[in-house]
Amino acid sequence: MAGIVLEGVGKSYDGKTLAVQGINLTVADGEFVVLVGPSGCGKSTLLRMVAGLETISEGTVSIGDRVVNKVEPADRDIAMVFQNYALYPHMSVRQNLAYGLKNRKMDRAEIARRVDEAAKILEIGEYLDRKPRALSGGQRQRVAMGRAIVRDPAAFLFDEPLSNLDAKLRVTMRGEIRLLQKRLGTTSLYVTHDQVEAMTLADRLVVLNGGRVEQIGAPMDVYKRPASAFVAAFIGSPAMNLLPAVLSGGTVQFGGGRVAVGDGLPDGRITLGIRPEDLRPAAADEDGAFEMPVAYIEELGSQRLVHGSIEGEDVVCAVPAERPVGESLHLTADPALLHVFDAQSGARLN
Amino acid sequence: MVEDRPFLNFLAHLVLVIGVLIVAFPVYIAVIASTHGPDDFLSGMIPLLPGDRGLDAYRAMLTTGLSTSGAPPLGGMMLNSLIMALGVAFGKIAISILSAFAIVYFRFPLRTLAFWMIFITLMLPVEVRIFPTYKVVADLGMLNSYPGLIVPLIASATATFLFRQVFLTIPDELVEAARIDGAGPMKFFRDILVPLSRTNMAALFVILFIYGWNQYLWPLLITTDSKYYTIVTGIKRMADVADSVPQWNYVMAAVVLAMLPPVIVVVGMQKLFVKGLVDAEK
Ligand SMILES: Nc1ncnc2c1ncn2[C@@H]1O[C@H](COP(=O)(O)OP(=O)(O)OP(=O)(O)O)[C@@H](O)[C@H]1O
Ligand SMILES: [Mg+2]
């Protein structure tokens, strides 16, 4: 077992622009860290540098106590699970699991023991003699996991392993991956663009944007105190409302009402962030309540999402399922739950 | 085509039947002619019904050969053809799969140039470069030898190109998974690429075997010793006698015998052949 340390890691594919830059990250031994961000932000690039499938242009990557910049993937003591599973189509499941061990000259009895154990853990014993093409997507996913487990590596690397599965199976497998990782205690680095997956799996989240780290932290910390407007918009579902506003004297005026944001902030243009669930319906005459004309309502069963707009900005508000909603809604927000970001840089101000 | 229209069905079958007849008729003529006596052709008419000699001509061709035309017994020539066809087929497959492997999976200087040079040789079949090739083979002392028959025909741009296309359809992740699993280049080639191109190799083998078997100009040019005659050139020699009438019954018997090995290969490997052409096992 070992941790992974990235210091000043950067990657340039063309020698000019950096696809990923200045990444500093320490994954502790046994920790489950999820890299999350929109498409093209460099998640896969970063993971592949750790795996050794891409050269490292800047900085160092260490696994355990060893700098592995120049070490072949096979010698890094990692196992990787790919999005399309990448099982060897001409080999049976058993051979797929055993291939990496055979190449390491492990003796037959030990290979058989490990394959059987992995098969038991993942409940794929029945399919051991089938070819991958005779398996369903979920079963292939398990085999791909099995191939990683049998190696008993220092770290697991996952690149969007669930995105080829249907929604329901994805939720099931997500839980299984989490349980398995807890049980094995293997350091894991996991890439996804799905923020729900990221939130539910991670011990710690790394939010990437345009090749840079936006924020690193425990899922709930990131959710409660996003470090930037980008993170605020990315993490959480439904997404946080981000409204351009002008701050003067610690309050913001809009929609015919006003919100106290708190003291100690400089006057000027800001982006005000309010999560849909933090918007509270209020009486029309309540002090500072602002009005939102309702455009349409999404029923989620457990709650209703009311879509409307305030001063031309789309706003979403989550209200309890039974609550009736008229043509417009009066809302207030608790100052403690507001997020204030710099209008230009998007950095958090409060 | 689930429609059931009698007229179109009839038309389609008619075209197919005509096609089959056109292909099969010469074969039929050859078989018929081989059962006649040598004098039955003097009239200039080709008989259309079986003669009375049965398999005599075949027996003669296989045991004694046709001394008047300087043709040794067919067995030896068939063996030469077999060696040449197998040599060409296996040689081409081995060389082209290796060069495709190099071109697709290795970054070496002038890689693109190498690929295009191989590609351009598509335009230079044996017939075009036959004199320089002859000179080289002669200088190497390979006239009248199996290597001389086989080696100059082995390089194949077509097969290289085919394997390149096959390799390009193999997902990058598979290559990466193998890398992580500790498979070096040669292990990857042996354990992953070769098994995955098995059906393509089989299809190619059928085509190349027939190509090698049917070679005419090259063996004609470099074999002067009857020990190395191939069956196709042998037939030509038989039909080309100087001072007498060709003995068509014997020639046709030889033709029919020469057709058999390719037929056996095609029929025997039909399943793999079709599979290799239509579906990739990926
Ligand atoms: N082989 C490559 N050559 C050149 N540029 C590349 C290469 N691979 C990725 N890139 C670029 O690097 C950037 C990051 O790509 P990367 O694949 O890491 O994104 P990602 O975060 O994994 O996205 P996704 O969620 O779509 O998989 C992108 O702008 C991409 O165009
Ligand atoms: Mg990716």
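Residue numbering restarts at 1 for every chain, and letters A, B, ... go by the order of the sequence lines.
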Visitor: Under the ring-ring contact (aromatic ring centres under 6.0 Å, His included) definition, can you give me all pairs with a residue in residues 62-84 of chain A, not counting sequence neighbours?
Guide: none

Visitor: Are more than 12 heavy atoms, taken from residues, nucleotides or ligands other than B:Phe10, located less than 6.0 Å from that residue's CZ atom?
Guide: no

Visitor: Among A:Arg151, A:Met91, A:Gln83, A:Arg76, which residue forms the greatest number of heavy-atom pairs with chain B at distances under 4.5 Å?
Guide: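 So the answer, after comparing A:Arg151, A:Met91, A:Gln83, A:Arg76, is A:Arg151.
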
Visitor: Do A:His90 and B:Arg198 make a side-chain contact, defined as non-hydrogen atoms from C-beta onward lying under 4.5 Å apart?
Guide: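 The answer is no; the side chains never approach within 4.5 Å.
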
Visitor: Just checking B:Phe7: does its CZ atom have more than 12 heavy atoms from other residues, nucleotides or ligands closer to it than 6.0 angstrom?
Guide: no

Visitor: When rounded to the nearest 0.5 angstrom, what is the spacing between CD1 in B:Ile180 and CG in A:Asp75?
Guide: 11.5 Å

Visitor: Kindly give the heavy-atom pair with the smallest separation between A:Asn84 and B:Pro171, and that separation in Å.
Guide: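 So the minimum-distance heavy-atom pair works out to ND2-CB, 4.3 Å.
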
Visitor: Taking side chain as C-beta onward, heavy atoms only, is A:Tyr88 less than 4.5 Å from B:Leu196?
Guide: no

Visitor: Among residues at least two apart in sequence or on other chains, which ones pass side chain to side chain contact (heavy atoms under 4.5 Å, CB included) with B:Val232?
Guide: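 B:Tyr216.
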
Visitor: Counting neighbours of CG on A:Asp166 that are heavy atoms of other residues, nucleotides or ligands and sit closer than 6.0 Å, is the number greater than 12?
Guide: yes

Visitor: Less than 4.5 Å apart, any side-chain heavy atom of B:Glu173 and any of A:Asp159?
Guide: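 A side-chain contact is absent here, since even the closest heavy-atom pair is not under 4.5 Å.
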
Visitor: So, for B:Ala177 and A:Ala86, which heavy atoms are closest and what is the spacing to 0.1 Å?
Guide: CB-O, 3.9 Å

Visitor: Which residues in residues 97-107 of chain A have any heavy atom closer than 4.5 Å to a heavy atom of chain B?
Guide: A:Tyr99, A:Gly100, A:Asn103, A:Arg104, A:Lys105

Visitor: Side-chain contact test, heavy atoms from C-beta onward, threshold under 4.5 Å: evaluate it for A:Glu72 versus B:Arg179 and give yes or no.
Guide: yes

Visitor: How about CD on A:Glu126, more than 12 heavy atoms from neighbouring residues, nucleotides or ligands closer than 6.0 Å, or not?
Guide: no

Visitor: Taking side chain to side chain contact (heavy atoms under 4.5 Å, CB included) as the definition, give me every residue that meets it alongside B:Leu140, ordered by chain and number, with sequence neighbours left out.
Guide: B:Val136, B:Met142

Visitor: Quick one: what part of B:Asp191 sits under 4.5 Å from any heavy atom of chain A, side chain, backbone, both or neither?
Guide: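 It is both, since atoms from each part get that close.
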
